Each structure stands twice: as C-alpha cells, then as structure tokens.
Amino acid sequence: MRTHRFLRLAVLGLTLAYTAPTLAQSFEGLDLAGQSKKKKKGASSKASSKKKASAKRGKGKVTAPAEDVDASSTATSESAPAGNPATPPAALTPTPAPPATPAAPSAKPAAQGSPGLGLDLTGDNDKPPAPTMTFDAVDVSGKTADRQRLDAAISLFKNDEYEKAAMASHELLGDPKLQGLHVEARYVLAKSLYRMGLYHSSLGEFSKILAAGPSTKFFKTSLEWLFFISRKTQNETVILDEIARYANYDFPEKFRNEFRYLLARYHFVRGRALDQVGQTENADKSFEEVKRLALTIPRTDVFYPRAKYLEGLAFFRNGTRNKDAASKRGNTDVLASVEAMKEVVRLTRPIVGRTGEQAKLDKSLRELAFMQLARTHYGMQQNRFSIFYLNKVERGNTQWLEALFESSWANYRIGQYEQALGNLITLSSPFFREEYFPEALILKAVIYYENCRYRESNLILQDFERTYLPVHDELDGLVKKNMEASEYYTVLADVQKKNKDGLEKNGTDVILERILRLALTDQDLKKTNDSILELEGEMDLFSNKGDTFKYSELTKQLLEELKVQRTSLISKAGIMAKGKLETELGALKLLLANGLRIKFETTTKEKEFLEEQLKAGGRTAIVKKYKFSVAVADDQLYWPYEGEYWRDELGTYQYTMTKGCIERDTANRQVQSAEAM
C-alpha cells in the first residue's frame, strides 16, 4: 500500500511538495548482543538512553500435521494448524480476475484451542531414509495387480521413502489404463513432493486434483493442503488465487477462519489492483467484501487481529477517496480506520509466556498498526499524535528506519528542528549506508534554510545532486529503453546475482544496485521477487536428490512446470519493476526540481545579505548564536559527538542548533511555545 503525503513549505515564496512512501525500508534488526565499549560516543549533540534494547526473536517448534497416509481409505481431514505465519503486507498485486462469489460463511465459530500461528513444519524432511523396501514386501493378498502397485507406493510413503513413492505414483499416472486410480496416485505424489521440500511442485499436483472437481475423493483434503503449503512458501499470495477459486465450497471448521482471512486478503489485494487501473466501482465491491469477511471471524480467534488490520486499511482507503466528495462520510471512514488499528494494537499486546512464531507475528502486526495510525494523524495535520505513534515502533524493528524518517517530517512541521536533524543523523550513519532515503537530504537542506544557514544548505544540496543525479540518469535511460517487462526484472536480477556471488562491480553496477534497493521497497515486487528466488531454490533442490530420482521423467516434468511458473512470475515482476522505476523516476525528478528551487532561494538570500552587508560597511548579520543546554532527562546521558557512531546509540541523537536567524529567532520560539501548550 502506498500513501501519499503532501507537505507545503511556505518559505519566502518557496513551496516544497513532499510525498513519503508508506512501505517499509528493508532493515534487519540491530544485533546489540555482545556490544561493549569503554566510553559512549554520540552525534553532533545527543541524548542517549541508559536502557539498551535488545531484540530477541523466538522460534516456535511444533509438530507436523497428521496425514491420511492410507490413500486407499476414505479421505479424511488432515490435522491443520489454525494460524498462518504471513504478516499482511501494506500492499500486494494479485491477478485481477475476480473469483466466484463466495457462499455465505457458516455462522458457527471455528473451534478454539488450536495451536495458533506458531507452526514450523521444517522438520518434515529431516528424517533419515528408511531401509530400501521393494514392492514385493507389500501385503497384496486379495487385491488386483493395479491396486497392488498403488499400495506399494503408499507403503513407500509410510516408510519415508518419498522419492520412491513419488516415482511409483508418477508411473501409475503415466498408464492410461489406470484412470480410476489416477486421483489417488496424484494425491500420494503431491504429498511425497511436499515431504521432500518441493512445495511449489506439490502445489501444482494438488491444483490438478482440485481442478477435477468436488466429486473427487480427495478434494476436501487437497483444499486443506493449500493451507499447509501457504505456511511453507515465503509469499503466500501464490496460494490466494487457488483459495479464492474454491470460495464457494465449505471448508472444514478448523480451517474456516483461516480461509476467511485469506479470502479477505485476496479481495484486499484485488481491490488495490482495480484501483490502480481505474476500476473504482469494482474496487469498492472488493473492499466491502474485505469488511464483511472481517466481521465473520470471532474476536477470540488468532486471525481476528489480522482481519481487523485489513478492515482498517479498507476503511482508510474509503475515507481518503471520499474525503473531497463527501467530507462527512470520509471522516467517518477515517475514524473507523483509526479505531480498527487501535483494536489491533490492543489485541497484539505482548503476553507473558507467548513466544515463538505467534509472538513474532503479533509484534510485526502491532508495528504496522502503529505506522498506519501515525500516517493517518499526519495526513490530518495532527503531527504530535503522529510522533507519538511513530515513537512506539521499537528500535531495530523492520519499520524502525521508516518511522525515524517520517518522524523527522512531523517534527519539522512543528518546528522541532533539533529532533528532526537528530533522526536524520541516524539515517545517514555508516550502518545504513545502503538504505534509500533521498528525501532526507532535501529535508535537511530545508531545515538549514529555515535557520538562515544558507551556505550549509547549499552544500547539502550539492551532495544530493552528486549522489542522486546519476541514479536519475540511469533510471531515465532504463525507462526509455521500453524493454519487455521481463527484461526490466532481468536487469535487477543480474545485480542480485553479483551481490550474491560477491563479484566486483563497476560504477554503473553501483548505481543499479541503488536502483535495485529502490525497487524492492515496493512490497509487491519484493514478495514476487522472493517467490522467484524460492522457485529457483526449489529447482536447485532436484540436484541434491538421488540419481534415480534426479534423472527420472518425473523430475524432468516437474522442472518444466517450475520453469513455466518462473516465467509467469518474472513477467509479473517485470511489470511491477517497470511501474516502480517509473514512479520513482518521477519522484526523483520532483526532488531534484525542489532541490534546484531551494538552491535558487538560498542563493537569492545570500545575495541580499551580502548587499545589505556592503551598504552597512560589514556590520550586518543574519544569524545569531542560540542559547542551548546539554541537560537531559534523568534516564538519559549526554555525550558530545566525536566523529564516531555506536550501534546502541542509533536513534537517540539530538542535533543542537547553535545558530539561527536573528529576525526569526523570537517568532519561532513563540510559535513552538504556543504549540507546546
């Protein structure tokens, strides 16, 4: 999801339009463990908290789902976890084709007491191979020869010989005379591939079973396997289309709330896609469906907070869209969005004893809710409320850098320049050299301009042009090439490969690397990119299997199907990459234009000052020294900046403005005092 924020800066006729991204910058949590130092160092002048936060990530460990390994018996529901470890993103890009209209969900709530979202099935493939077992070892008395062959494949699966079970099942599928056993054989094949860690290949086989229709023996259990696979793939959106396709069918009660949540996600991302292509009426229907499905999930269910988050985003979208046309209705929707996000915050409070995947997901969702609350208040010109929520994002978390950046703009709006500059010091530290925050330099230049520090403002703008003008030129060249969609992704993939292999990069590669990081700030593209890398990793897994399986016809067929999936995803990623690059090119052009306007205003002011100084015989001044104090709160320590950065002090910097405008000093202080009351 991308929210546009506009900030108008009235600086002696200067108007600066600012648009901030709502998607999180990629950032791995700071590793504070083992950090030690004899003396703390700081930035220009800062207050550093005595308490050192140390992020700890729990890892849940639970059992794998029980399976109906005997395919010859009546299909039974598989034991499934009630949760889903995927955190709802701010925005996704689905296939815009609408699913069948879902049937009204059952009013009966799902059974409680399920293990929740903390499922980890990674141990499924850690079992040592069982002793080799031949088909002759199977008890086949009283059964036909064809049935014996299927039972042999089932027996191999039971003995954890998944490669042999998969090949035996595939051999049955290749015999047209055994049409009556094909569904069972494909079911064993799909489960064997899952146990081998080939999740995308397994999904392809389950999809073929589902395509045969609900009258087939293993239709319901194949639906359940969609949930198992969604917990294994990095990007669960590959499952959303399948789930939406069968929305009319009644899912088992233990999966019902998970199904409703995933279907709500499908409609949310579909609505976003329809908005982007201008189909507003159809998008309205999708967002209404999101809100309806959120209401069907009980408050006590683990999926309720995630559904509530989607509901809040749907209300926010409606509120911003209707703000101009019907302000009353728009404000009502915005208020409903705020209340939904507050409910998410309440439901995801840390609970003593809750650890592992569930706690990790709650923490991530809580963070996203704080960010959305902050952006909503920022858009309503309620800057202090915005700062309050941004400060709730814990140091070192995924959204932390984005929160610092957005907090800088909110602090600037209310004249708290020292805190704004302190945040920017953290963003410019060597620890985050690879992050993409071009607007940070523009904001810094504007703050210096506001304080009559014209020379410093010009130097900052020169640094901005030196850094980002080559990026603009390279972006412009890429977009003008008008390549095929897949070629745009290929350009980015080549940069990823060089980074992975540690190859030496030339000047162009360094710029392209910045563009790659820029493109991957789009969460839709990032998730699709993750799926492509995951598919490629699965294709590499085949080379680690036994020779019999590796060189079999089954492997050849599966690889071909994965290549088709990869081609489709690359085309999709290419379209998103091109769109993202075009959007960022436009944003960078605007930033460069604003930089030139600021430079023009700065040069004009410097010229006026010099002329006044000449007339006054050199006795005119435009800046004066501020009175400042290094006093800090009782729970903080003050350390002067001596040119060094320390990990445990990032985010605590406060820049001391030692000089400012003579004619504006008193007025600014009065404005700040009035706002503080």
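All of these numbers come straight from a predicted model, not from anything done at the bench.
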Item checked: Side-chain donor-acceptor pair present, Tyr448, Asn458, cut-off under 3.5 Å -> no

Notebook entry, point to check: What do the steps show when you test Phe370 against Arg366 for side-chain contact (heavy atoms from CB on, under 4.5 Å), and what is the final call?
Noted result: CA-CA 6 Å; Phe370 280 137; Arg366 182 180 176 85; 3.7 Å; yes

Notebook entry, point to check: Among side-chain atoms of Glu367 and Asn397, is any donor-acceptor pair under 3.5 angstrom?
Noted result: yes

Notebook entry, point to check: Quick one: OH on Tyr454 to CD1 on Ile598, what's the gap to the nearest 0.5 Å?
Noted result: 13.0 Å

Check: Relative to Phe268, does Arg317 satisfy both conditions: NZ or CZ under 6.0 angstrom from the six-membered ring centre, and within 45 degrees of the ring's axis?
Finding: no

Notebook entry, point to check: Any idea which heavy atoms bring Tyr489 and Ala573 closest together, and the distance?
Noted result: CD1-CB, 3.7 Å

Checklist line | Residues Lys527, Asp530; criterion salt bridge (charged side-chain N to carboxylate O under 4.0 Å, His left out); working and verdict | finding: CA-CA 5 Å; Lys527 284 182 172 291; Asp530 289 342; over 6 Å; no

Item checked: side-chain contact (heavy atoms from CB on, under 4.5 Å) assessment of Met371 paired with Val393 -> CA-CA 8 Å; Met371 293 295 292; Val393 177; 3.7 Å; yes

Margin query: Name the residue from Tyr412, Tyr436, Phe437 that meets the ring pair (Phe, Tyr, Trp, His ring centres under 6.0 Å) definition with Phe405.
Written below: Phe437

Next item on the list: Can you establish whether the number of heavy atoms outside Glu484 located under 6.0 Å from its atom CD is more than 12?
Entry: no

Notebook entry, point to check: When you look at Thr426 and Trp400, which way does the side-chain contact (heavy atoms from CB on, under 4.5 Å) test go after all the steps?
Noted result: CA-CA 11 Å; Thr426 295; Trp400 181 54; 4.1 Å; yes

Next item on the list: Would you mind reporting whether Phe287 and Arg272 have side-chain heavy atoms less than 4.5 Å apart?
Entry: yes

Notebook entry, point to check: How long is the span from the CZ atom in Phe385 to the CE atom in Met380, to the nearest 0.5 Å?
Noted result: 12.0 Å

